[in-house]
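Working notes, beginning with the structure itself.
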Amino acid sequence: MSWLYQRQRKTAKKRLGHPTSWRMVNLLHLRWICKDQRPIGPCVNQDIVDELNKLVGIHESRLGGDDKWKVLQYRKAISSIRKETARITSLSQAQGLFGVGKKTATKIMEIVENGKTKRLEYEEQLDDTRVCKLFSAIYGVGPRLAWQWYQLGLRTLQDVREGKAGVKLTPAQRIGLEHYDDLQLRMPREEAGVIFGRIKEIALAIDPELDLQLMGSYRRGQPNCGDIDILITRPDMDGRTHKGIMRKLLPALHEKDILTKDLSMPHDLDDLEAKYMGLCRLGPDGKMRRIDILAVPYASWGAALLYFTGDDIFNRSMRLLASSKGYSLNQRGLYKNVVRDPKTRVKTVTGTLIASRTEEDIFAILGVPWQEPAQRRRAK
DNA sequence: AGGCTGTACTG
DNA sequence: CAGTAC
DNA sequence: GCCT
DNA sequence: TAATG
DNA sequence: CATTA
């Protein structure tokens, strides 16, 4: 490649000192999706993005080995396409985008010329594709179970409800099935805001020093949200914490009929770090909405904000970048000197905390230009 | 050829 | 652990 | 499916 | 039954 | 959950 590539290769080697490591190799991707700055405004290739996203939907529901990675790759390609300001008109132009190879480029040209891809048309007419997509849209049902049910001869949600072929549901899956239609919908961001406001009021009545934020697609400024994602912490400078907040808050929310169903509970209601997942609604006539409530230690507020703001592709790119620089990034912070078993990649040493208090710290250390939440949208 | 984020809950 | 989810 |  | 994966 | 003790 270019002189730039060669130079980066040398500096990377010098900095990291372990030239054969895959981490260094990753530093040589001159393309870090998390560093991309995209102009605001409509995407001139939105039709392509939309069609590729349909393909993503298909592969998500049938994870037969390679599909998982196809999904990731399509998403990376979509991210590149979204930040391209010129209309894509040729195969070579498409293939020049990072993450777009020959096969995706060919599909892109099909979309440009015909508005659709044969692959999608073919997939959509397949019975197993359609049925697996239907099943895996049930909360708690993934590609594996969907495929298993298909092979057992189930074809409709009614079959599942009746427990045909002796299929058993977990409590969470039963709830997912019961509210299937509601849970396919996104809600207007205003609704998310109102529900959040109610919850915040109740939480602050428990402890006025709590800090609550509405995360996910709401924080990214999207006009509608797939779920409600609430982060809770409490400044601990006065020697107190939010310990036990879940124990008080969850029953209070149930009592007000804001929370309606529990999908999973925190392992310890008194832990400073606790994760609740469930369903909620605006009122008796409101649609059921997915909600996650997360308590995090004050010290990891920034890392938690970063993680729960997303989006998915942005997060993965940040973590990969961190990893390439010898760090490890998770929802608790940015760490150095983490040791993983090279074989299993399982962490054996936690490492030293480098940053976690603010998002800005983490961006700065990783050398990623600051981006407002709304600019962190990669796939869509 | 082999990587592709890193973690938590359920059964 | 496998599966699912975030 | 794409990348090194 | 409790611990483990 | 299945396996183990």
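Labels below follow one simple rule: chain letters A, B, ... track the order of the sequence lines, proteins then strands, and each chain is numbered from 1.
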Touch class at under 4.0 angstrom, heavy-atom based, for A:D292 against every strand present: sugar-phosphate
Geometric cation-pi criterion, A:R357 with A:Y298: 6.0 Å, 45°: yes
Whole angstrom value for the distance that separates C1' of B:dA8 from CG of A:D271: 12 Å
Closest non-hydrogen atom pair, A:L231 against A:L305: CD2-N, 3.8 Å
Integer-rounded Å distance: D:dG1 C1' and A:E60 CD: 15 Å
Sugar-phosphate, base or nothing in reach of A:L145, heavy atoms under 4.0 Å: sugar-phosphate
Sugar-phosphate, base or nothing in reach of A:K76, heavy atoms under 4.0 Å: nothing
Electrostatic pair A:E191:A:K287 at N-O distance under 4.0 angstrom: no
A:L294 CG - B:dA8 P separation (whole Å): 12 Å
Hphob cluster co-occupancy, A:I258 + A:M215, side-chain heavy atoms under 4.5 angstrom: no
F:dA5 to B:dC9 separation - C1' atoms, rounded to the nearest Å: 26 Å
Sugar-phosphate only, base, or nothing, as touched by A:M318 at under 4.0 Å among non-hydrogen atoms: nothing
Face-on cation placement of A:R189 at A:Y218 ring, 6.0 Å and 45° thresholds: yes
Distance between C1' atoms of E:dA2 and C:dT4 (Å, rounded): 25 Å
For atom CD1 of A:I293 and atom P of B:dA8, their distance in whole Å: 19 Å
NZ-CG distance between A:K164 and A:D159, expressed to the nearest 0.5 angstrom: 4.0 Å
OP1 or OP2 of B:dT5 under 4.0 Å from side-chain N/O of A:S328: no
Atom-to-atom span, CD of A:Q73 to C1' of B:dG3 - whole angstrom: 11 Å
Phosphate OP1/OP2 of B:dA8: any A:K275 side-chain N/O under 4.0 Å: no
Touch class at under 4.0 angstrom, heavy-atom based, for A:K168 against every strand present: nothing
Sugar-phosphate, base or nothing in reach of A:R316, heavy atoms under 4.0 Å: base
Residue pairs fulfilling ring pair (Phe, Tyr, Trp, His ring centres under 6.0 Å) with at least one residue in residues 156-213 of chain A, sequence neighbours excluded: none
Sugar-phosphate only, base, or nothing, as touched by A:N315 at under 4.0 Å among non-hydrogen atoms: nothing
Sugar-phosphate, base or nothing in reach of A:R290, heavy atoms under 4.0 Å: sugar-phosphate
Within residues 355-379 of chain A or reaching into it, pairs that qualify as ring pair (Phe, Tyr, Trp, His ring centres under 6.0 Å) - sequence neighbours excluded: A:F363-A:W370
Touch class at under 4.0 angstrom, heavy-atom based, for A:I138 against every strand present: sugar-phosphate
Span that lies between the C1' atom of E:dG5 and that of C:dC1, in whole angstrom: 5 Å
Listed partners of A:D262 passing side chain to side chain donor-acceptor pair (under 3.5 Å), at least two apart: A:H254, A:Y276
Sugar-phosphate only, base, or nothing, as touched by A:Y139 at under 4.0 Å among non-hydrogen atoms: sugar-phosphate
Sugar-phosphate, base or nothing in reach of A:R119, heavy atoms under 4.0 Å: sugar-phosphate
NZ/NE/NH1/NH2 to OD/OE distance under 4.0 Å, A:K275 and A:D271: no
Spacing of A:Q173 atom CD relative to B:dT10 atom C1', expressed in whole Å: 10 Å
Sugar-phosphate, base or nothing in reach of A:V141, heavy atoms under 4.0 Å: sugar-phosphate
Grab the N/O contacts between the protein and nucleotides 1-5 of chain E below 3.5 Å, and write none if there aren't any.
none

P spacing across the pair D:dC3 / B:dT5, given as an integer number of angstrom: 15 Å
Spacing of A:H267 atom NE2 relative to B:dG11 atom P, expressed in whole Å: 17 Å
Counterpart residues, side chain to side chain donor-acceptor pair (under 3.5 Å), relative to A:D211 (two or more places apart): none
Contact interval (first through last nucleotide) of DNA chain C with protein chain A, 4.0 Å heavy-atom: C:dG3 to C:dC6
Residue A:Y74, side-chain atoms from C-beta onward, closest of B:dG11, B:dG6, D:dG1: D:dG1
Atom pair distance, as rounded to whole Å: CZ in A:R144 and C1' in B:dG11: 17 Å
